[in-house]
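In what follows, a single structure is set out as structure tokens and then discussed.
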Amino acid sequence: MNMFSFISHQFPWLLFSLRDCFCKLFVAAMGTVCHFKPHTLSFHHHHHHDHHHFYPIWLCYVFLSLLPLLASSYMYSDDKRDDLFPEILRDEAVARLNELGKVSDADGYLERTFMSPAAVRAGKLIREWMEDAGLRTWVDHMGNIHGRIEGRNTTSEALLIGSHLDTVVDAGMFDGSLGIISAISALKVLKSTRMLGNLKRPVEVIAFSDEEGVRFQSTFLGSAAIAGILPVTTLRTSDKSGVTVQDALREHSIDLAEESLSHLKYDASSVWAYVEVHIEQGPVLEWVGFPLGVVKGIAGQTRLKVTVRGSQGHAGTVPMSMRQDPMVATAELIVLLESLCKHPKDYLFYDGDSDASTLESLSSSLVCTVGEISTWPSASNVIPGQVTFTVDLRAIDDKGREDVLYELSNQMYQICERRSVSCFIERKHDANAVICDSELSSQLKSAAHAALNKMTGETQHEVPVLMSGAGHDAMAMSHLTKVGMLFVRCRGGISHSPAEHVLDDDVWAAGMAVLAFLETNL
């Protein structure tokens with residue numbers, strides 16, 4: 001709020017006093033120039049030569065009298081915009097992100113997994129914020145939180161906007177939550193400006209119950225159910241405590257029978273598009289110095305669970321030459337994985353231009369990670385009988401990803417055979433690469449550009465376009481409808497860590513971009 005606007009709102013009497021003083025001084029000055037005395041001004045002059053000077057001075061007086069009122073009105077609308085946008089899209093949004101970041105199942109760090117007590121508390125908060133934005137809310141049978149406004153035409157295809165409320169272990173507070181809060185905040189601005197009911201199509205915000213897959217090692221539980229691609233067998237999947245997905249839902253009075261799972265699927269003909277705002281989780285936007293970027297596609301991914309079994313024994317009595325140690329076999333398997341993923345050209349051999357293109361794509365996009373490892377019986381003086389570890393493998397080229405998995409499996413089996421241990425490889429999750437809708441991406445790009453122009457008052461450079469190496473709910477939702485994504489800059493590209501950070505003004509920029517996008521649907 002500037003000084004003029006502050007005075008006009010808080011001290012209107014002072015503004016009008018200043019107006020009168022200024023007008024009298026101005027008229028006195030004009031009277032001197034025109035050889036006229038201010039006290040002779042009146043509506044009833046009888047001398048013709050007075051009229052020649054009177055009208056311009058009187059019009060000036062009227063104009064100057066109205067000027068503060070006009071200016072006050074103009075500054076109020078500008079100030080109203082200032083009050084709504086930063087207070088809702090930045091200040092309140094950041095406060096809500098901080099509040100959500102404290103809702104955790106662990107002490108000292110953020111952990112919020114599928115249908116955990118913290119996840120349920122977070123869902124209640126999000127639902128309250130949705131209602132505060134004027135949305136009708138409900139919780140579905142997979143624990144997803146929904147908030148919807150019907151707009152002018154309830155029969156139109158709906159725009160879905162969402163992200164996930166669950167987190168990894170020892171998480172940052174922006175992953176997932178930023179997309180939910182940005183959407184709610186943008187809709188709250190429309191409510192505050194009385195434009196919410198003018199949306200030409202229904203808009204629905206969804207806070208998905210599970211994207212990370214931490215608890216049940218099966219990603220996209222929430223979005224896959226809505227997209228209609230969640231296998232029925234997933235309901236019988238157990239966590240480390242033996243609790244199934246179905247059990248976890250029943251604990252919160254949600255009874256989802258296998259035959260009812262299909263009822264969660266949205267009718268594709270009722271959905272116009274899905275849009276997701278998410279932190280980049282990489283360093284590109286920070287490197288180019290831009291707060292927002294448009295996503296052109298998401299890398300495909302595969303998750304494996306590898307179980308290596310050997311001969312359990314006493315650490316002090318079994319000679320090294322007679323051991324069938326699954327731990328050292330596992331170590332060799334992990335080193336193989338690293339080598340293959342760093343140098344795919346040394347392991348894969350192709351003929352032809354298309355194959356060369358696949359190899360080039362793998363060289364620039366292939367990433368592989370062993371994120372979890374466990375042993376049995378896990379004692380310092382026992383040669384383990386079994387080792388289990390996970391593999392997360394991602395690439396933009398789906399064919400190349402399959403080729404890598406084929407070569408990896410073959411070489412793993414060879415190593416296990418040579419070491420006289422058994423090796424069992426399970427594919428726990430597969431998701432093909434997703435290419436975002438070009439028209440939707442163009443609209444998001446324009447919205448981001450307009451938002452940044454409005455925020456800075458300057459013409460911005462071209463909004464960056466980039467690929468996503470991380471998986472998102474948009475991957476599952478792409479089986480239901482066209483998808484678009486907007487990335488938000490994060491410090492150092494760090495994510496899945498408490499060091500994850502987004503600038504307050506970048507949170508604001510994200511909300512402004514969603515608002516600009518929604519305004520194209522007014």
Side-chain angles (χ1 to χ4, degrees), residues 97-98 100-114 116 118-119 122 162-182 207-223 239-240 276-287 293 295 298-305 334 337-338 341 365-374 389-395 428-429 431 466-476 485-503 506-507 510:
L97 285 164
N98 281 304
L100 211 50
K102 294 173 184 174
V103 182
S104 174
D105 289 303
D107 293 328
Y109 61 89
L110 179 56
E111 177 184 344
R112 198 165 59 230
T113 58
F114 177 73
S116 71
S163 198
H164 58 98
L165 64 83
D166 67 317
T167 75
V168 296
V169 178
D170 198 21
M173 68 178 189
F174 297 93
D175 183 358
S177 298
L178 177 62
I180 299 167
I181 299 302
S182 295
F208 295 113
S209 57
D210 175 276
E211 184 254 21
E212 302 289 2
V214 171
R215 183 174 181 183
F216 292 98
Q217 297 296 300
S218 181
T219 58
F220 309 139
L221 290 178
S223 51
D239 64 11
K240 291 176 182 177
E276 183 167 358
V277 176
H278 205 281
I279 61 169
E280 181 194 355
Q281 301 180 286
V284 176
L285 289 175
E286 187 176 57
W287 186 72
V295 180
I298 307 168
Q301 59 177 279
T302 296
R303 287 186 182 181
L304 307 176
K305 179 182 178 183
I334 293 172
L337 174 71
E338 182 194 39
C341 292
S365 71
L366 178 62
V367 289
C368 308
T369 305
V370 173
E372 186 178 346
I373 187 166
S374 61
F389 66 97
T390 60
V391 174
D392 184 303
L393 192 150
R394 310 183 188 209
K428 303 296 287 185
H429 171 72
L466 56 165
M467 289 292 297
S468 172
H472 301 286
D473 287 299
M475 298 183 80
M485 283 195 72
L486 199 63
F487 269 171
V488 184
R489 175 173 57 188
C490 58
R491 185 172 60 197
I494 297 171
S495 184
H496 284 187
S497 161
E500 182 179 282
H501 182 73
V502 176
L503 294 170
D506 288 359
V507 172

Does a donor on one side chain sit under 3.5 Å from an acceptor on the other, for Thr113 and Asp166?
-> no
Will you find, in the side chains of Ser495 and Gln281, an N or O donor that is under 3.5 Å from an N or O acceptor?
-> yes
pair Leu110-Lys102: side-chain heavy atoms closer than 4.5 Å = no
Is the shortest side-chain N to carboxylate O distance from Glu500 to Arg489 below 4.0 Å?
-> no
Taking atom CG of Leu393 and atom CG of Leu304, what is their separation to the nearest 0.5 Å?
-> 7.0 Å
Sidechain-backbone polar pair: Glu280 side chain, Leu285 backbone, donor-acceptor under 3.5 Å = yes
Looking only at heavy atoms, what is the nearest atom pair of Ala118 and Ser104, with distance?
-> CB-C, 3.4 Å
Do Val391 and Thr369 touch side chain to side chain, with heavy atoms closer than 4.5 Å?
-> no
Closest non-hydrogen atoms of Ile180 and Leu165, given as atom of the first, atom of the second and distance, are CD1-N, 4.0 Å
For Ala510 and Ser182 the tightest heavy-atom approach is CB-OG, 3.8 Å
How many angstroms lie between atom NE2 of His501 and atom CE of Met173, to the nearest 0.5 angstrom?
-> 7.5 Å
Glu286 side chain to Gly492 main-chain N or O, any donor-acceptor pair under 3.5 Å?
-> yes
Working to the nearest 0.5 Å, report the span between NE2 of His472 and OG of Ser163.
-> 8.0 Å
Please report the shortest heavy-atom distance between Ser177 and Leu100, naming the atom on each side.
-> OG-CD2, 3.5 Å
Spell out, as yes or no, whether a donor-acceptor pair under 3.5 Å connects the side chain of Ser468 to the backbone of Ala470.
-> yes
So does Arg303 pair up with Asp392, basic N to acidic O under 4.0 Å?
-> yes
Measure the spacing between CD1 of Ile494 and CD1 of Ile279 and express it to the nearest 0.5 Å.
-> 10.5 Å
Test salt bridge (Lys or Arg N to Asp or Glu O under 4.0 Å) applied to Lys240 and Glu372, step by step = CA-CA 13 Å; Lys240 291 176 182 177; Glu372 186 178 346; 3.2 Å; yes
Least distance between heavy atoms, Ser223 atom then Ala476 atom = OG-CB, 3.5 Å
Mind running ring-ring contact (aromatic ring centres under 6.0 Å, His included) on Phe114 and His164 for me, showing each step along the way?
-> CA-CA 10 Å; Phe114 177 73; His164 58 98; over 10 Å; no
Could you tell me whether the side chain of Met485 reaches within less than 4.5 Å of the side chain of Ile298, counting heavy atoms only?
-> yes
Does anything in residues 209-223 pair up under salt bridge (Lys or Arg N to Asp or Glu O under 4.0 Å), and if so which pairs, sequence neighbours excluded?
-> Arg215-Asp239
What distance do Thr167 atom OG1 and Phe174 atom CZ have between them, rounded to the nearest 0.5 Å?
-> 14.0 Å
Mind checking the CG-CZ spacing from Leu178 to Phe487? Nearest 0.5 Å is all I need.
-> 11.5 Å
Could you tell me whether the side chain of His429 reaches within less than 4.5 Å of the side chain of Gln217, counting heavy atoms only?
-> no
His278 side chain to Asp175 side chain, donor-acceptor N/O pair below 3.5 angstrom = yes
Leu366 backbone acceptor or donor facing Arg394 side chain under 3.5 Å = no
Taking every heavy atom of Ala299 against every heavy atom of Gly469, the minimum-distance pair comes out as CB-CA, 4.1 Å
